[in-house]
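Numbers restart at 1 for each chain; the letters A, B, ... are given by sequence-line order, proteins then strands.
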There are 2 protein chains.
Amino acid sequence: MTAPYFAEVAALMGDPARANILAALMDGRAQTAKELAFVAGVSAPTTSGHLAKLVAGHLLAVEVQGRHRYYRLADPLVAAALEGVMALAAHGPRRHRPHAPGDAELRHARTCYDHLAGEVGVDLLSGLLGRGHLAPGPRDYRVTSAGAALLAEIGVDLAQAARQRRGFARPCLDWSERRPHLAGALGAALTARFFEKGYLARRRDTRAVTITPAGRRMFRERFGIDA
Amino acid sequence: MTAPYFAEVAALMGDPARANILAALMDGRAQTAKELAFVAGVSAPTTSGHLAKLVAGHLLAVEVQGRHRYYRLADPLVAAALEGVMALAAHGPRRHRPHAPGDAELRHARTCYDHLAGEVGVDLLSGLLGRGHLAPGPRDYRVTSAGAALLAEIGVDLAQAARQRRGFARPCLDWSERRPHLAGALGAALTARFFEKGYLARRRDTRAVTITPAGRRMFRERFGIDA
DNA sequence: ACGAGACTTCGGCCGCCGCCGAACCGATCG
DNA sequence: CGATCGGTTCGGCGGCGGCCGAAGTCTCGT
């Protein structure tokens with residue numbers, strides 16, 4: 001009856017070019033219109049139109065810097081909604097897609113907006129819980145004293161993460177593993193630290209991340225997981 | 001580049017008529033093609049086409065019963081994905097929509113697929129947690145011995161709920177409250193019991209549910225919440 | 001066996017929207 | 001200042017897809 005509301009949002013996600021753009025921005029980094037035109041596979045004018053629509057629909061935010069315009073996801077909620085739809089798409093009996101190249105890497109380790117996802121991300125969260133560094137709470141996970149010590153060693157500023165306006169330590173359903181990984185301010189801070197210390201390395205044009213040898217060692221020693 | 005996958009799913013959700021259909025099925029009940037044609041606001045042939053697409057896309061499942069065809073959501077994951085998109089739509093700076101009639105009722109108490117959502121659903125979960133009937137766990141909530149006693153009094157068969165293939169007791173982000181309510185087999189079993197015992201009553205043509213006087217009393221006594 | 005009802009298939013219409021090339025605006029750099 | 005580059009706006013084209021009415025299939029009731 002009353003035109004359901006979410007249809008507009010879903011329609012925005014439903015165009016192939018726009019979906020490519022959104023997928024490219026799922027790693028939380030901002031990108032210029034030109035870069036996005038490339039990933040979208042359409043011309044610059046067409047891309048511009050799509051971007052305008054996505055901004056109008058509050059899926060993207062734009063930041064002007066000189067003659068560049070950087071687009072990024074407007075809100076972690078957008079990433080969450082996209083992951084939900086992806087989970088659905090991934091789950092549906094495989095549509096004629098043996099698996100795309102790079103798919104294995106993506107399933108193994110990738111960024112989800114600004115935190116770590118994929119097999120490694122899921123293992124990380126269950127490792128933290130299993131070793132008693134994190135304890136489940138009613139809404140957010142709670143950092144135990146053992147966990148606080150561990151995170152301090154790694155150099156994560158817990159106080160700052162707790163101050164953020166976003167949720168502190170939330171589960172986020174992983175579309176490939178169908179089990180949660182660690183999201184929220186803590187997930188983001190931890191992941192950022194992994195990049196800073198060279199445990200993880202971004203790759204060009206993909207959300208998949210490389211785990212460096214140092215990272216592999218660290219994951220085993222600190223969290224007891226085989227990355 | 002590689003056509004992103006989830007675009008097809010999002011596009012299925014993005015048509016107004018189909019969105020109406022999906023929204024109508026969000027309460028977990030199955031409905032006939034004719035009923036759905038009505039809620040979709042389009043003719044029977046058009047509806048038939050939409051339904052076929054939704055089934056092909058694995059968003060809906062169909063069950064033939066005599067000369068009727070009952071359509072329902074194919075999987076709880078579909079409901080979860082839809083809630084995610086709804087959360088996004090509800091959150092985006094209110095689009096020229098002061099609030100639709102019935103909106104208040106919907107926010108207060110409604111079914112989300114097959115479990116209770118809205119203000120009451122969220123309060124129910126936090127009540128269960130606060131009173132120590134449910135304890136957070138790594139994936140599912142755990143029923144404490146006190147909780148098991150309470151649920152037995154109400155007549156919920158815990159063993160049967162635990163046997164189900166779906167998750168046992170999961171949080172589900174509530175789009176109107178933006179806090180989790182209780183989903184999974186336990187959420188469904190509890191909600192079903194509420195309907196059986198006449199604590200809740202369904203209404204026609206809406207996911208909003210009525211809380212009966214007996215239900216109001218029960219919610220206060222058993223769970224300490226003002227419904 | 002017949003008619004009614006539920007649902008789908010078919011055929012054709014129409015409008016929306018995605019697409020591009022060309023032109024336009026503004027910032028940067030020589 | 002002109003040249004270049006990033007980005008958007010404009011105008012026009014083309015096709016996908018949603019829509020309906022009519023006709024077809026199947027099931028049930030009687």
My understanding is that only residues two or more places apart in sequence, or in another chain, count here; which of them pass side-chain hydrogen bond (donor to acceptor under 3.5 Å, both in side chains) with A/Arg18? A/His50

Estimate the overall bend of the helix from C/dA1-D/dT30 to C/dG30-D/dC1 from the end axes over five pairs each, rounded to 10 degrees. 30°

Does B/Glu35 have any side-chain hydrogen bond (donor to acceptor under 3.5 Å, both in side chains) partners at least two apart in sequence or in another chain, and if so, which? B/Thr32

Could you tell me which non-hydrogen atom of B/Met13 sits nearest to which non-hydrogen atom of B/Ala81, and how far apart they are? CE-CB, 4.1 Å

Tell me if a side-chain donor or acceptor on A/Arg110 pairs with a main-chain N or O of A/Leu106 at a distance below 3.5 Å. yes

If the condition is side chain to side chain contact (heavy atoms under 4.5 Å, CB included), which residues does B/Arg216 pass it with, not counting sequence neighbours? B/Ile211

Parallel, tilted or perpendicular: rings of B/Phe194 and B/Phe223 (30°, 60°): perpendicular

Taking 5' to 3' order, which nucleotide of DNA chain C is first and which is last to have an atom within less than 4.0 Å of a heavy atom in chain A? C/dG18 to C/dT28

Heavy-atom neighbours of B/Lys34 NZ exceed 12 at 6.0 Å: no

Between atom NZ of A/Lys53 and atom OG of A/Ser48, what is the distance when rounded to the nearest 0.5 Å? 11.0 Å

Base versus backbone protein contacts along nucleotides 7-17 of chain D [heavy-atom cut-off under 4.0 Å; B, S, -]: SBB--------

Separation of B/Ile21 atom CD1 from D/dG18 atom C1', in whole Å? 12 Å

For A/Gln65 and A/Ala11, find the nucleotide of DNA chain C closest to each by heavy atoms; which residue's nucleotide sits nearer the 5' end? A/Ala11

As a quick check of understanding, evaluate side-chain contact (heavy atoms from CB on, under 4.5 Å) for A/Val85 and A/Leu82, giving each step before the final call. CA-CA 5 Å; A/Val85 177; A/Leu82 286 169; 5.7 Å; no

With a 3.5 Å distance limit and no angle check, can you tell me whether B/Arg207 reaches the backbone of B/Thr111 through a side-chain donor-acceptor pair? yes

